[in-house]
Structures are given as structure tokens and as C-alpha cells.
Amino acid sequence: MQRRDFIYVSAYTAAALALPVISGCANQQINAEAQPYFFSHIADVKTIASIGLAYRKTHSAEDDKDKLTELLLANSNLPKSSKDDQIRSMLMNKVENDFKTGKMAVVNGWVLSVTEARQCALFSLLHS
Amino acid sequence: MRPFFFITFLNTIFMHIDARYIENNTLIEGDLCIIGAGAAGISMALEWIDTGRKVILLEGGGFDYETNMQDLYKGRTTGQRYYPLESARLHYFGGTTGHWAGFCSPLDPIDFKKRDWIPLSGWPIQRGDMDPFYARAHKNLDLGPYEYDPQYYEQLDRSLIPLPIDQGVVHNKMWQFSPPTRFGSKYKETIIKAPNIHLYTYANVTDITANEHVSAINEVTVKNFAGKQHTVRAKNFVLACCAIQNARLLLASNKQTTNGLGNDHDMVGRHFMEHIEIKSAEMWLAKPDLLKLYMIDFGKTKYRAELGISEQKQQEYKILNGTASLTPLEIARKEPAFIDIWTANRKEREKNMAAYGKEGVKQPVKGFRNFQLFTRIEQAPNPNSRVTLDTETDALGVRRSMLHWELTPLEKRSIRKIYEIIGQQLGIVSKGRVKLMEYLQDENDNSWPEFTGGGWHHMGTTRMSEDAKQGVVDANCKVHGIENLYAAGSSCYVTAGAPNPTLTVVALTLRLSDHLKKKNGINV
């Protein structure tokens with residue numbers, strides 16, 4: 001997956017915020033697990049990373065790449081060979097289901113699903 | 001002809017009497033004495049036109065804003081930061097309708113109910129009791145039909161598209177907008193021309209005198225800056241001076257009972273309530289949206305929706321009733337908090353308010369992607385939030401009011417929960433996300449930010465209860481223990497709900513009017 005597929009930066013924050021991230025992540029593959037897909041249509045990379053960091057601080061038991069990946073993929077029944085778009089689709093459903101079941105976290109003021117908060121956390125670990 | 005006699009002559013043609021120009025110590029007598037000519041007092045007087053009863057309508061001021069009249073409303077405030085008291089109410093014919101914004105919506109059914117998570121909640125009347133009076137009040141306020149079902153408006157205008165969220169959780173609470181009706185200009189002629197309504201201007205009630213056993217009111221004393229003092233006697237008296245002044249007058253009338261009238265159980269002035277009006281959160285959408293149903297263009301919009309929380313969810317989360325209004329973030333970020341710009345200086349205040357909301361942000365064709373969520377929420381009845389008398393007196397010798405506005409942790413928890421619920425619903429439908437403002441982020445922090453403000457809505461100081469130990473007036477707005485003294489308006493509120501109070505003030509007044517008419521053998 002190309003970097004351009006990832007963070008959608010809203011029009012008037014693009015100029016200010018996108019450049020440092022693009023340069024920092026150039027030619028880098030981003031795991032689907034670390035992409036809060038819907039939220040990335042709303043928040044910029046800096047915000048996502050900062051949410052991820054804050055989540056890790058308050059959930060120290062999850063402050064680990066493998067642990068977060070395991071939690072994100074738990075109960076997914078996806079084979080290990082799954083492609084990014086299959087993982088993304090599964091996680092999007094999981095996010096929606098989190099909201100339906102009240103599995104939410106307020107991080108830096110954002111009312112998020114726990115799944116997308118974990119995705120932010122993983123993103124911040126992978127791109128710190 | 002000398003001015004004095006000329007004015008006296010005019011007074012006999014038109015039933016308006018300037019109390020500065022009648023003989024000192026005049027005895028004025030009537031069937032019904034209404035103290036205060038604002039939304040409540042004027043609505044009451046209008047109801048009594050052509051009833052064959054002599055109605056005395058007493059207004060402390062004249063027909064226009066006067067600084068020395070406003071000064072009578074000055075008072076100290078403690079506790080939660082508040083607006084200068086002399087600027088929050090207008091002291092002339094028409095009262096505070098002279099500067100209100102016209103926001104109208106009825107209280108919700110839940111507002112009248114006993115809610116076990118809100119101490120002292122529960123009115124002795126229910127929403128169904130109020131509906132006919134709400135419908136009548138619409139006429140006084142130049143509103144549309146008594147219709148608050150959002151679907152009604154969505155059918156009227158197909159461009160009013162609601163957010164696609166579960167209405168059983170977050171519903172669209174409708175508001176209608178009065179032009180806004182200025183009672184002073186709209187009803188002046190009608191009142192003055194009514195043969196049985198005797199309007200006295202510059203007639204400030206400074207004292208109420210009861211009978212020997214303090215079981216009925218005999219008379220009230222009125223004074224003005226011309227040095228005149230008069231006495232008004234009537235069969236029934238209605239306090240319609242707004243929540244702070246109603247309490248002040250009862251407390252200050254303490255020559256027969258130390259605690260003041262109607263205050264055997266130390267309830268007068270307690271449970272002062274405001275609507276907390278505060279910027280609270282941001283709503284970020286994945287795609288731009290016009291959200292026209294929720295937008296307001298002051299002076300043009302006739303109705304709009306705010307986001308409210310369902311009765312079931314309020315019960316589940318044990319929260320207060322409040323709503324969230326939406327403003328494009330680009331505009332809202334430029335708007336200062338009301339509490340910072342509503343100053344004591346009238347010219348400065350008017351300049352600030354005239355500039356408010358006119359930042360000239362051009363609306364994108366497809367709408368906006370982010371909105372500010374602004375809360376209007378009831379505060380829980382709190383006996384420590386109260387109006388008392390200060391030691392200082394005003395220019396007419398009445399002790400000034402002192403307001404201690406106090407909030408509780410329930411208010412803050414409720415605001416936070418409201419936005420979590422809205423955030424959850426937007427998440428379920430993948431419409432957007434909500435971000436709480438910093439002051440709401442720590443759930444253990446019960447403090448309030450500096451920009452916390454109220455809606456200039458004063459309520460609850462003569463609260464309604466069938467139990468004299470729990471309230472000042474009964475379900476008919478009669479002061480407990482005093483057979484001919486009534487309170488009209490928002491001082492009788494038990495809880496505040498989310499809506500701006502004017503519609504309910506007028507509706508409650510019409511209900512009281514019907515009660516008094518029946519009591520006096522007049523058909524309603």
C-alpha cells in the first residue's frame with residue numbers, strides 16, 4: 001500500500017501538517033492495523049500520533065506493537081495471509097461495532113472506538 | 001393648561017398613569033394588582049381586558065431604558081462568575097423582551113417528572129397540563145403553530161435533513177423563533193386603550209403589607225424618583241417582576257415576619273437556576289454537510305433543531321436535560337464567550353452583541369466539515385444557589401439583591417456524557433467524530449472554565465411545590481399560606497429544562513390567569 005492511500009488530510013490543514021509526515025514516512029509501508037481509516041478522514045497524522053501516545057500512556061499493558069496487533073486482530077478469523085484491504089474492512093466493522101456496544105475511549109478529548117484508539121496507538125509506535 | 005392637570009386629564013382618557021405626576025400618597029384600588037410589566041405581567045393584563053374587573057398594572061420604569069431605573073436591579077454576585085445583574089434584566093414597560101433573542105421551545109415531558117437522580121426534581125403539574133397554555137402563548141409571542149415535531153418541519157422543507165442518527169437516543173429538539181416580539185412596543189397601545197387595565201408607570205413596589213395574621217395581602221407600597229409614594233390595594237396580587245426581583249420583594253417585605261413573606265420555611269430565593277450555556281465540543285464530519293436543519297440566521301430563521309438526549313438515555317445515565325446547538329467551527333471560533341462581552345456598560349454591551357455572529361465567513365457550497373457543539377443545559381435545583389438581600393439599599397430604600405450562583409458536579413458530568421452519547425451515535429453511523437473541549441476531558445475535574453456563562457435566564461426562586469416545606473408557591477402559583485398572593489413566571493420553575501424560558505413564562509402566566517379568573521367567577 002502506498003503512503004498516499006493513508007492519511008487524508010483536510011484541505012486547510014494539509015499544507016501545515018502533511019509535509020513533515022510525508023517526508024518522515026517516505027517510501028514506508030503502513031500496516032492496515034495501524035490505520036484508523038475513518039478517523040484518518042477527519043484527523044491529521046499529528047493528531048493521530050498524539051492520540052496514540054496518550055492512549056499508550058493510560059493503557060500501559062497495551063504499549064507494545066505485538067500486543068496491540070494481537071488485540072486488533074483478535075476474534076477476526078482472518079487468515080494470516082489476509083490482504084490489507086481485508087484487514088481494513090474487518091477493522092472498520094470492528095470500529096462500528098465498538099460504538100454500537102459502547103466500547104469507547106475518550107483520548108485527548110476525542111470520543112473514539114477502542115479499536116481506533118488502539119490503531120492510533122500502533123501508528124504512534126510504528127512512526128515515532 | 002398646567003402640565004400636571006394636562007397629564008391628569010390624559011390619564012382619564014387613556015388608562016396610563018405616570019405615578020410621578022399624581023398626588024402624593026394616592027390610594028389606588030382595584031380587583032387585581034399585577035406587579036411588573038414584562039412578558040408575564042403584560043400577558044396577564046392582556047387576558048383580563050374586558051373582564052369587567054379593574055386591573056392595576058404596576059411598572060417600575062417608564063417606556064424606555066433609563067440608567068437610574070436599571071440601577072435598581074444592581075446587586076452583588078458571588079460563586080460562579082455571572083453577568084452584572086443590572087444588565088441582565090430591563091426595567092421598563094415590556095421588561096426583558098426589550099432585548100431577548102426570541103428562542104422558544106416548550107419544556108420536555110421529562111422536565112416535569114420526578115427524577116430520582118436529580119434532587120428536588122418533579123413539578124406538581126405535568127407537561128400535558130401545560131400544552132393548552134403553550135399553544136395560547138404562541139400567539140403572544142408571534143410564533144408559528146404549536147408544533148415541535150421535527151418531522152413536521154422536515155416535510156415543510158425537504159432541505160432540512162436530520163443527522164442520520166438514532167432518534168431514540170439523540171433526538172432533534174425543535175426551537176421556534178419569535179420575531180422577537182417586543183412586548184413594550186407591541187402591546188403598549190392595547191394595554192393603554194383597555195378601559196379596565198390601569199397601567200401605572202414609575203410605580204416601583206418597595207414593600208408588601210399583609211394582614212395581621214399574614215394570611216392575606218392588604219396593600220403594596222409604590223415609590224419613584226419623584227419622591228412620591230402611593231398605596232395600592234387589591235383583592236389579588238401577582239408578582240411578575242422576574243425571578244430575582246420576585247424573591248427580593250418577598251424577602252424585603254419583612255416588617256411583619258422577619259424572614260419576609262412566604263418564607264416560613266426559608267425557601268424564598270433558594271434554588272436559583274440558570275441555563276449553563278457553554279462551548280463544549282467539536283463535531284468533525286468525514287464529508288462536508290450543510291446541516292441546514294440545525295443552522296440559524298438571526299432574524300430570518302423561523303425554526304431549527306438542536307440535539308437532545310432521549311428521556312430513556314437521560315434516565316440510564318442519570319444526567320440532566322440539555323441540548324447541543326451546532327455552529328460551523330470556523331465561525332464559532334471567532335465568537336467570544338457571552339460572559340466576556342456582556343458588560344455592565346450598555347453601549348459597550350450593545351456594540352459587542354451587534355458584532356456577535358457577524359464574522360463574515362462564506363459558506364462553502366457543500367457545507368462545513370466541522371462544527372462547534374454549544375450546550376444549553378438545566379442546572380440541578382440547589383438550595384445553596386440563591387438570592388438573598390444585601391445590606392446596601394437602592395435609591396428607593398430597598399435592600400439590594402445578592403446572587404450566589406452555584407453549580408454542582410452533576411452539571412459537568414451531564415455535559416460530558418451528552419457529548420459522549422452524541423459521539424457514540426455519530427460513530428455508529430460513520431458520520432463523524434466528537435472532540436470534547438479541554439475542560440471536559442478529565443472526568444474527575446469538577447471545576448468550570450472562566451468562559452462558563454448563563455443564558456440570562458433566572459429561574460426557581462419561588463419554586464412550585466404542593467409541600468410548603470419544599471416550595472414557595474403551590475401548583476396554582478399561589479404563595480403558600482397567603483390566600484391572595486401569586487407569583488408569575490420563571491421564579492415558579494421547579495427545574496429549568498433546556499429551553500429558553502420565555503415561552504414557558506408566558507404559558508405559566510396564562511395558566512395562572514385562568515385560575516384567577518375562575519376564582520373570581522369569570523368564564524375562561
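These figures come from a predicted structure and were not determined experimentally. So you know, we letter chains A, B, ... as the sequences are listed, proteins then strands, and number each from 1.
For a heavy-atom cut-off of 4.5 Å, chain A lies close to B:Y419, B:E420, B:G423, B:Q424, B:G427 in residues 419-427 of chain B.
The candidate from B:Q441, B:R433, B:E282 with the greatest count of non-hydrogen atom pairs under 4.5 Å with chain A is B:R433. Note: A:N108 leads A:N108, A:D98, A:N97 in heavy-atom pairs under 4.5 Å with chain B.
B:W405 and B:Q379 share a donor-acceptor pair across their side chains, judged by distance under 3.5 Å alone.
In this structure the side chain of B:Y439 reaches within 4.5 angstrom of the side chain of B:F451, judged on heavy atoms. No side-chain heavy atom of B:R304 sits under 4.5 Å from any side-chain heavy atom of B:L293.
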Audit row: B:E411, B:S414, side chain to side chain donor-acceptor pair (under 3.5 Å) steps and yes/no: CA-CA 5 Å; B:E411 283 84 312; B:S414 299; over 6 Å; no
Report the C-alpha separation of A:M90 and A:L73 in whole Å, then their side-chain angles, then the decisive distance to 0.1 Å, and conclude whether the side chain to side chain contact (heavy atoms under 4.5 Å, CB included) test is met. CA-CA 9 Å; A:M90 180 277 292; A:L73 299 179; 3.7 Å; yes
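Atom CD of residue B:E378 and atom CG of residue B:D108 lie 9.5 Å apart, to the nearest 0.5 angstrom.
Heavy atoms closer than 4.5 Å to chain B are found nowhere in A:V107, neither backbone nor side chain. For B:L440, no part lies under 4.5 angstrom from a heavy atom of chain A.
Taking the ring centroids of B:W175 and B:Y148, they lie at or beyond the 6.0 Å cut-off.
Using cut-offs of 30° and 60° on the angle between ring planes, the pair B:Y153 and B:Y303 is tilted.
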